[in-house]
S.K.: 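Starting off with a structure, shown below.
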Amino acid sequence: MRAVVVAGARPNFMKVAPVLAALRAAGQDGILVHTGQHYDAKMSDAFFDELEIPRPAFHLGVGSATHAQQTGRVMETFEPVLLETRPDWVIVVGDVNSTLACALVAIKLKEQLGLRIAHVEAGLRSGDWRMPEEVNRVLTDRISDLLFTPSRGALANLTAEGIPEDRVAFVGNVMIDVLSAQLPKAQELNVLQRLGVEPQRYAVTTLHRPSNVDDPDTLGAVLEALVKVAEHMPVVWPLHPRTEKNARTFGLGGLLDKLRTLEPLGYTEILALMSDAAVVLTDSGGLQEETTVLGVPCVTLREQTERPVTIHQGTNRLAPWPLTVGGVFQAFEDALRTPRIGVSFDRIEGWDGRAAERIVAELIRIST
Ligand code: UD1
């Protein structure tokens with residue numbers, strides 16, 4: 001079986017790493033394509049090195065642009081890759097623009113090349129169509145042949161949309177495959193000493209969603225709330241390039257300077273920081289999942305989450321919406337009072353470190 005596996009942006013790299021490894025372990029041919037949606041060394045190359053992801057066979061170099069330009073560039077450059085490699089499967093992961101763009105190219109070539117499309121992390125729904133990721137997810141699921149869901153709830157979402165059962169396989173969460181493999185390494189790092197923070201006496205934050213960082217009032221409110229948190233404990237904040245650019249443009253640089261801002265961190269570094277944090281405040285999907293397995297209280301800075309399992313069976317909570325200084329700070333205080341429950345790989349079904357193995361087993365079963 002030959003599978004083209006697509007990665008484009010930072011959260012994709014953690015998801016393709018275990019899938020490529022499981023393909024290799026099963027003696028199957030996995031061809032990695034990097035669209036280049038993320039390109040800074042700290043947003044891309046760093047993950048290849050530390051997660052031992054093989055160099056991509058194809059790098060499309062699309063870079064940053066408007067949604068239409070970025071999606072269009074991925075499509076134009078991905079088409080010749082499929083014509084050349086003629087895979088049995090195109091595997092796309094997550095919900096970034098590259099995910100949808102490559103799935104679209106693949107479905108147009110489906111008959112001609114006899115390929116099929118698999119979507120890893122299918123069935124997540126926020127119900128908020130203003131999020132580019134929601135559009136990417138729903139459309140990718142609609143055109144994929146095989147939908148690998150990370151949770152029972154995601155499976156239920158697909159059933160509710162009328163997607164037939166034989167197109168769906170509940171396999172669990174590939175992000176937790178990476179977490180379980182990397183946690184021992186993360187625990188050996190001395191990130192805390194390097195930053196001068198003590199276990200459980202600091203907060204970690206990340207923020208990059210357009211709904212939070214493209215609007216000066218919302219970004220200003222979150223920054224003020226974080227400055228208030230910083231009066232109680234250091235706030236460590238690896239800054240996404242988009243957030244840093246916007247904060248400076250909006251004249252909010254003074255608030256940023258009161259926090260422990262850092263350049264984007266590598267996977268094991270952020271994992272080490274999260275696992276010893278008192279509280280994590282974030283708008284990232286991945287961090288909501290990782291804190292659930294780590295048993296660390298998390299405040300999600302969003303109106304809703306497409307990962308409700310992290311709230312129902314985990315440690316996550318939504319900050320009151322719309323985000324205000326008082327609301328975010330109150331959510332931080334509530335989270336701080338939540339007892340820490342420690343790391344567990346059986347807190348949520350399928351979040352056990354073996355999802356990629358199940359994905360590859362299913363692909364092989366269907367292909368033979
Ligand atoms: C993208 C994904 C989002 C994901 C996030 C993780 C879409 C629609 N969004 O958002 O779902 O959670 O990645 O980070 O696909 N930039 C750099 N260096 C880089 C990459 C980007 O400086 O290596 C800056 C550029 O100014 C760029 C901006 O970040 O315009 C936004 O990048 P883009 O890939 O469009 O979206 P993200 O906000 O990163």
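In each ligand, atom 1 is the first atom listed, and ligand 1 is the first ligand listed. Only heavy atoms go into these numbers, but all of them, side chains included; no hydrogens, no water, no symmetry mates. The chain is numbered in sequence order, starting from 1. The shown structure was predicted, so the numbers you read here are calculated from the model rather than taken from an experiment.
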S.K.: Please state which protein non-hydrogen atom is closest to atom 16 (N) of ligand 1 and give its distance, to 0.1 Å?
M.R.: Tyr39 OH, 3.5 Å

S.K.: For ligand 1, which atoms, with element, lie under 4.0 Å from some heavy atom of Met43?
M.R.: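 The list of qualifying atoms is 23 (O).
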
S.K.: Report the nearest protein non-hydrogen atom to atom 25 (C) of ligand 1: residue, atom name, distance rounded to 0.1 Å.
M.R.: Ser64 OG, 3.4 Å

S.K.: For atom 2 (C) of ligand 1, grab the closest protein heavy atom and report residue, atom and distance to one decimal in Å.
M.R.: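 Here the nearest protein heavy atom works out to Val96 CG1, 3.7 Å.
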
S.K.: Evaluate side-chain hydrogen bond (donor to acceptor under 3.5 Å, both in side chains) for Arg317 paired with Thr338, printing each intermediate quantity in order.
M.R.: CA-CA 11 Å; Arg317 72 188 60 231; Thr338 316; 2.8 Å; yes

S.K.: At what distance is the nearest protein heavy atom to atom 8 (C) of ligand 1, and which residue and atom is it?
M.R.: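 That would be Asn97 OD1, 3.2 Å.
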
S.K.: Return the closest protein heavy atom for atom 26 (O) of ligand 1 as residue, atom name and distance.
M.R.: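 The closest one turns out to be Lys245 NZ, 2.5 Å.
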
S.K.: Please check whether His208 reaches ligand 1 - meaning an N/O of the residue sits under 3.5 Å from an N/O of the ligand, judged on distance alone.
M.R.: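 Yes, there is a polar N/O contact under 3.5 Å.
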
S.K.: In this structure, is the centre-to-centre distance between the rings of His232 and Phe329 below 6.0 Å?
M.R.: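 Yes, the ring of Phe329 comes within the 6.0 Å limit of the ring of His232, centre to centre.
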
S.K.: Quick one: do Gln330 and Asp334 satisfy side-chain hydrogen bond (donor to acceptor under 3.5 Å, both in side chains)? Show the steps, please.
M.R.: CA-CA 6 Å; Gln330 182 64 51; Asp334 293 345; 3.0 Å; yes

S.K.: Closest by any non-hydrogen atom to atom 6 (C) of ligand 1: pick that one out of Ala9, Pro11, Pro210.
M.R.: Pro11

S.K.: Please report the C-alpha distance between Ser126 and Glu134 in whole Å, then the side-chain angles of each, then the deciding distance to 0.1 Å, and finally whether the side-chain hydrogen bond (donor to acceptor under 3.5 Å, both in side chains) criterion is met.
M.R.: CA-CA 7 Å; Ser126 70; Glu134 184 73 356; 3.1 Å; yes

S.K.: Okay, side chain of Asp352, backbone of Phe345: is any donor-acceptor separation there less than 3.5 Å?
M.R.: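 Judged by distance alone, no pair lies under 3.5 Å.
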
S.K.: Check ligand 1 against Glu133 and write out every atom of the ligand that is under 4.0 Å from a heavy-atom position of the residue.
M.R.: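 It comes down to these atoms of ligand 1: 3 (C), 9 (N), 11 (O).
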
S.K.: So is His67 polar-close to ligand 1, meaning N/O to N/O under 3.5 Å?
M.R.: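 No, there is no polar N/O contact under 3.5 Å.
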
S.K.: For atom 18 (N) of ligand 1, grab the closest protein heavy atom and report residue, atom and distance to one decimal in Å.
M.R.: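 Result: Asp40 OD2, 2.8 Å.
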
S.K.: Any idea which protein heavy atom is nearest atom 39 (O) of ligand 1, and the distance to it?
M.R.: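 Ranked first by proximity to atom 39 (O) of ligand 1 is His38 NE2, 2.7 Å.
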
S.K.: Please list the nearest protein heavy atom to atom 38 (O) of ligand 1 with its residue and the distance rounded to 0.1 Å.
M.R.: Arg242 NH1, 2.9 Å

S.K.: Please lay out, stage by stage, how His38 and Phe13 fare under the test ring pair (Phe, Tyr, Trp, His ring centres under 6.0 Å).
M.R.: CA-CA 10 Å; His38 283 176; Phe13 306 135; 7.4 Å; no

S.K.: Does one side chain, of Asn136 or Thr99, offer a donor that lies under 3.5 Å from an acceptor on the other?
M.R.: no

S.K.: Assess Gln70 for proximity to ligand 1: is some non-hydrogen atom of it under 4.0 Å away?
M.R.: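 Yes; Gln70 lies near enough to ligand 1 that a heavy-atom distance drops under 4.0 Å.
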
S.K.: Between Arg73 and Glu76, does any side-chain N to carboxylate O distance fall below 4.0 Å?
M.R.: no

S.K.: Report the C-alpha distance between Arg248 and Glu244 in whole Å, list the side-chain angles of each, state the deciding distance to 0.1 Å, and finish with yes or no for salt bridge (Lys or Arg N to Asp or Glu O under 4.0 Å).
M.R.: CA-CA 6 Å; Arg248 308 262 173 226; Glu244 163 132 55; 3.2 Å; yes

